[in-house]
Amino acid sequence: MQINPILKHSLNANFKNSTQKSSKYPKVVEKQAYIEAKTENLENLVTLGFLGTFASGVYDINSFQKDKGLSKISIILLIATTSLLIAKWVKQIQLSKRYEKENGYDTKNYA
């Protein structure tokens, strides 16, 4: 049984592409580790903020009607935590761009 030359060329091209992608994979992992290390504190604050928000009763509609003070605190905490989450995302984007600029390659095409 012979392999069609076009199919053989296609298989070789796919093999070369997969080996190139696998050689670039450590760079992507290194970039992700760098970003996660720099934003670890923000991640912990966001987690604590959302846990505090749910512990204060933001999910319970009946507590809003009974205790207006607790509901205001819950809503303020939810807004603060959400803005902190957005700030974390922005910082991750900025760190990603800075990492690519410092290392002189574009990792967007590697993943």
Side-chain angles (χ1 to χ4, degrees):
M1 178 176 181
Q2 279 190 343
I3 297 178
N4 186 352
I6 296 173
L7 180 62
K8 187 176 180 181
H9 176 70
S10 175
L11 289 174
N12 286 337
N14 287 338
F15 180 73
K16 287 178 184 177
N17 287 339
S18 66
T19 56
Q20 287 175 351
K21 286 181 182 178
S22 66
S23 68
K24 295 172 186 175
Y25 180 73
K27 293 178 183 178
V28 173
V29 172
E30 181 182 329
K31 176 183 168 186
Q32 289 174 346
Y34 171 78
I35 292 170
E36 287 177 6
K38 295 284 187 176
T39 59
E40 184 177 3
N41 290 336
L42 282 174
E43 180 70 31
N44 292 339
L45 287 174
V46 168
T47 303
L48 287 174
F50 278 121
L51 288 175
T53 300
F54 287 118
S56 66
V58 76
Y59 57 88
D60 189 13
I61 296 173
N62 294 329
S63 70
F64 282 165
Q65 296 170 354
K66 295 177 186 173
D67 190 10
K68 296 291 183 185
L70 182 63
S71 66
K72 287 180 183 178
I73 292 172
S74 298
I75 291 174
I76 290 170
L77 189 59
L78 180 64
I79 292 169
T81 305
T82 305
S83 62
L84 190 62
L85 179 65
I86 292 169
K88 184 189 89 141
W89 290 338
V90 168
K91 183 167 182 158
Q92 285 178 334
I93 292 169
Q94 289 173 346
L95 286 170
S96 175
K97 289 179 181 178
R98 183 182 340 154
Y99 186 83
E100 290 173 0
K101 188 176 181 181
E102 288 175 357
N103 292 316
Y105 59 86
D106 185 18
T107 57
K108 288 184 226 172
N109 299 327
Y110 295 164

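No experiment lies behind these values; they were computed from the predicted model shown. Side chains are part of it too, since the values below use all heavy atoms of this structure and drop only hydrogens, waters and symmetry mates.
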Summary of ring pair (Phe, Tyr, Trp, His ring centres under 6.0 Å) pairs that have at least one residue in residues 72-94, sequence neighbours excluded: none

Gap between atom CG of L77 and atom OG1 of T82 - 0.5 Å precision: 9.0 Å

Contact summary for T53 and S74, nearest pair of heavy atoms: CG2-O, 4.1 Å

Listed partners of Q32 passing side chain to side chain donor-acceptor pair (under 3.5 Å), at least two apart: none

Atom pair CG (N103) and CD (E30), whose distance is rounded to the nearest 0.5 Å: 6.5 Å

Taking every non-hydrogen atom, the tightest pair across T81 and V46: CG2-O, 3.6 Å

Donor-acceptor contact present, side-chain S96 to main-chain Q92, <3.5 Å: no

Where F50 and L85 come nearest, the two heavy atoms and their spacing: CE1-CD2, 4.2 Å

Derivation of the side-chain contact (heavy atoms from CB on, under 4.5 Å) call for L95 and Y34: CA-CA 8 Å; L95 286 170; Y34 171 78; 4.2 Å; yes

K88 atom NZ: more than 12 heavy-atom contacts under 6.0 Å: yes

Salt bridge (charged side-chain N to carboxylate O under 4.0 Å, His left out) partner of K31, chosen from E100, E36, E102: E100

